[in-house]
Amino acid sequence: MEIYKINKIEELIKDNSYVGRGIVIGKSADGKSAVSAYFIMGRSANSRNRIFVEHDGALFTEPFDSSKVEDPSLIIYAAERRFENRLIVTNGDQTDTIYNALKNGGSFIEALNTREFEPDSPNFTPRISGMLTFENSDFSYEMSILKSADQNGSACNRYWFSYTPIAGLGHFIHTYVCDGNPIPTFQGEPERVEIGNDIDEFADKLWNALDNDNKISLYVKYTNLESGKESRRLINKNK
C-alpha cells in the first residue's frame, strides 16, 4: 500500500451502497480555499425523510415531511456551526457540545471526551466530527471518531487526528465501511482524497458517486483564506 497515495473520492465510494454519513476537510489545489463537505445517507424511511437547511449561518438537518417523523433524536441536529474563527461540522448533536465547550473556553477534544457513539444498537453508529480553525490567512483542522469498543456497546474508543493543510489534499472520514447487519463501522485513519479548485466539480463528483437509493443530502463549502468569502453548494434529494 502506498501510504502517501491521494485517492479520488468518487473512486472510494462508487459501487458502495452505504458509507453512511461522511465528512471531508482539506485545502484546494491552488491553496486559496479551505474546503469542507458533509453528506448523509439513509436506509430507513425515517432516516431518508430529511433535508439540509441553512439558518443564520448554520446548517441543520430537518424533516422533509414532518408528518412522517418517527424518532427525531438521532436524525435532526445542527450539522455545521461557526464559533468565532472555528467551523464545526459533525454527524450529530455533538456539534452543539463542541460549540458550547468553545464558548466556555474548552477544546474540541475536551468536548468530545464527554460524548460517545450513538445508542442505536446493534449498529452503534460512530460519531464523526471535524473542526477548522482559521488564523493568519490559513487554517488547521482536527477530526475525530467515537466508536464502540465491541459488539455490545460496552465501552467507547475515541480517536483524534490533527492536520496541517496541504494544497490539493483532503481527509475523508465516514461512519460505515459498507452496508451490513449490523453495519461495519469505519476503520483506520481518515482517507486521503484529492481536493480541486472548483466547488461545483467537487460537489458533483461526490454527489454522483453516492448510491442513488441511499443518498439524502450534501453540503460543500469553500472558504477563501484571504477574504473569508464562502461559496456553498447544498443538494437535497428530497425537493
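Reckoned from all heavy atoms, side chains included, excluding hydrogens, waters and symmetry mates. Residues: numbered from 1 along the sequence shown.
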- Message: With a 6.0 Å cut-off (strictly less than), is the heavy-atom count around CD of Glu189, excluding the residue itself, greater than 12?
- Response: no
- Between Arg48 and Asn214, does any side-chain donor sit less than 3.5 Å from a side-chain acceptor? yes
- Will you find, in the side chains of Thr125 and Asn123, an N or O donor that is under 3.5 Å from an N or O acceptor? no
- Message: Measuring only between side-chain heavy atoms, which start at C-beta, is Thr61 closer than 4.5 Å to Ile75?
- Response: no
- Message: I need the Ile76 CD1 to Asp93 CG distance, nearest 0.5 Å.
- Response: 11.5 Å
- Item | Contact check, side chains of Val19 and Tyr176, non-hydrogen atoms, under 4.5 Å | no
- Message: Show, in sequence, the C-alpha distance, side-chain angles and deciding distance for Arg86 and Leu132, and conclude whether the side chain to side chain contact (heavy atoms under 4.5 Å, CB included) test is met.
- Response: CA-CA 5 Å; Arg86 282 158 285 189; Leu132 297 78; over 6 Å; no
- Item | Ser67 and Asp65 side chains, donor-acceptor separation under 3.5 Å | yes
- CD (Glu135) and CG (Asn85) are apart, to the nearest 0.5 Å, by 6.5 Å
- Query: Charged N to carboxylate O under 4.0 angstrom, Asp138 versus Lys27?
  - Reply: yes
- Item | From CD1 (Ile145) to CZ (Arg158), nearest 0.5 Å | 12.5 Å
- Query: In terms of ring plane angle, is the pair Phe172 and Phe39 parallel, tilted or perpendicular, where the classes change at 30° and 60°?
  - Reply: tilted
- Query: NZ of Lys229 to OG1 of Thr223: how many Å apart, nearest 0.5 Å?
  - Reply: 12.0 Å
- Item | Donor-acceptor side-chain pairing of Arg115 and Thr97 below 3.5 angstrom | yes
- Could Glu118 and Arg21 be called an ion pair, given the rule that one side-chain N must be under 4.0 Å from one carboxylate O? yes
- Message: When you compare the side chain of Thr185 with that of Gln187, does any pair of heavy atoms fall below 4.5 Å?
- Response: yes
- Task: Taking the six-membered ring of Tyr99 (Phe, Tyr or Trp), confirm whether the NZ or CZ of Arg81 is under 6.0 Å from its centre and within 45° of its axis.
- Result: yes
- Between Asn49 and Ala45, is there a donor-acceptor pair closer than 3.5 Å when you use the side chain of the first and the backbone of the second? no
- Message: Set out, in order, the CA-CA distance, both residues' side-chain angles and the distance that settles side chain to side chain contact (heavy atoms under 4.5 Å, CB included) for Asp213 and Ser17, then state yes or no.
- Response: CA-CA 8 Å; Asp213 290 333; Ser17 63; over 6 Å; no
- Task: Would you kindly say whether Gln94 and Arg127 are connected by a side-chain donor-acceptor distance under 3.5 Å?
- Result: yes
- Message: Is there a side chain to side chain contact (heavy atoms under 4.5 Å, CB included) between Val53 and His55? Walk through the geometry before answering.
- Response: CA-CA 7 Å; Val53 178; His55 291 304; 3.3 Å; yes
- Query: Same cluster or not: are Ile109 and Leu102 linked, directly or through other Ile, Leu, Val, Met, Phe, Trp or Tyr residues, by side-chain heavy atoms under 4.5 angstrom apart?
  - Reply: yes
- Message: Could you check whether Tyr163 and His171 have their ring centres less than 6.0 Å apart?
- Response: yes
- Just wondering, do Ser129 and Leu112 contact through their side chains at under 4.5 Å, heavy atoms? yes
- Task: Could you tell me whether Glu80 and Lys221 make a salt bridge, using a distance below 4.0 angstrom between a side-chain N and a carboxylate O?
- Result: yes
- Message: Between the side chains of Arg43 and Asp179, is the shortest nitrogen-to-carboxylate-oxygen separation below 4.0 Å, so that they form an ion pair?
- Response: yes
- Are any of the side-chain heavy atoms of Val35 and Ile199 separated by less than 4.5 Å? no
- Item | Cluster overlap Trp160 with Ile88, hydrophobic side-chain contacts below 4.5 Å | yes
- Message: Below 30° counts as parallel, above 60° as perpendicular, anything between as tilted: where do the rings of Phe117 and Phe124 land?
- Response: perpendicular
- Taking the side chain as every heavy atom from C-beta outward, state whether Ser140 and Ser162 have any pair of such atoms under 4.5 Å apart. no
- Glu11 side, atom CD; Asn16 side, atom CG - distance, nearest 0.5 Å: 12.5 Å
- Approximate separation, where rounding is to 0.5 Å, of Ile173 CD1 and Ser144 OG: 7.0 Å
- Message: Strictly distance-based, threshold 3.5 Å: is any side-chain N or O of Asn7 a donor or acceptor partner for the main-chain N or O of Val193?
- Response: no
- Query: Is the closest side-chain donor-acceptor distance between Thr95 and Thr90 under 3.5 Å?
  - Reply: yes
- Query: Are Lys68 and Glu70 close enough for a salt bridge, meaning some N to O gap below 4.0 Å?
  - Reply: no
- Query: Which of parallel (below 30°), tilted (30 to 60°) and perpendicular (above 60°) describes Tyr141 and Phe139?
  - Reply: parallel
- Item | Test log, rule salt bridge (Lys or Arg N to Asp or Glu O under 4.0 Å), inputs Glu230 and Arg232 | CA-CA 6 Å; Glu230 296 178 347; Arg232 303 181 297 275; 3.4 Å; yes
- Query: Is a donor on one side and an acceptor on the other found under 3.5 Å between the side chain of Asp198 and the backbone of Asp200?
  - Reply: yes
- Given side chains that start at C-beta, do those of Ile216 and Asn236 come closer than 4.5 Å, heavy atoms only? no
- Message: Checking the side chain of Thr114 only, and the main-chain atoms of Ala111 only, is there a donor and an acceptor separated by less than 3.5 Å?
- Response: yes
- Asn152 side chain to Ser154 backbone, donor-acceptor under 3.5 Å: no
- Query: Is the closest side-chain heavy-atom distance between Val24 and Ile9 below 4.5 Å?
  - Reply: yes
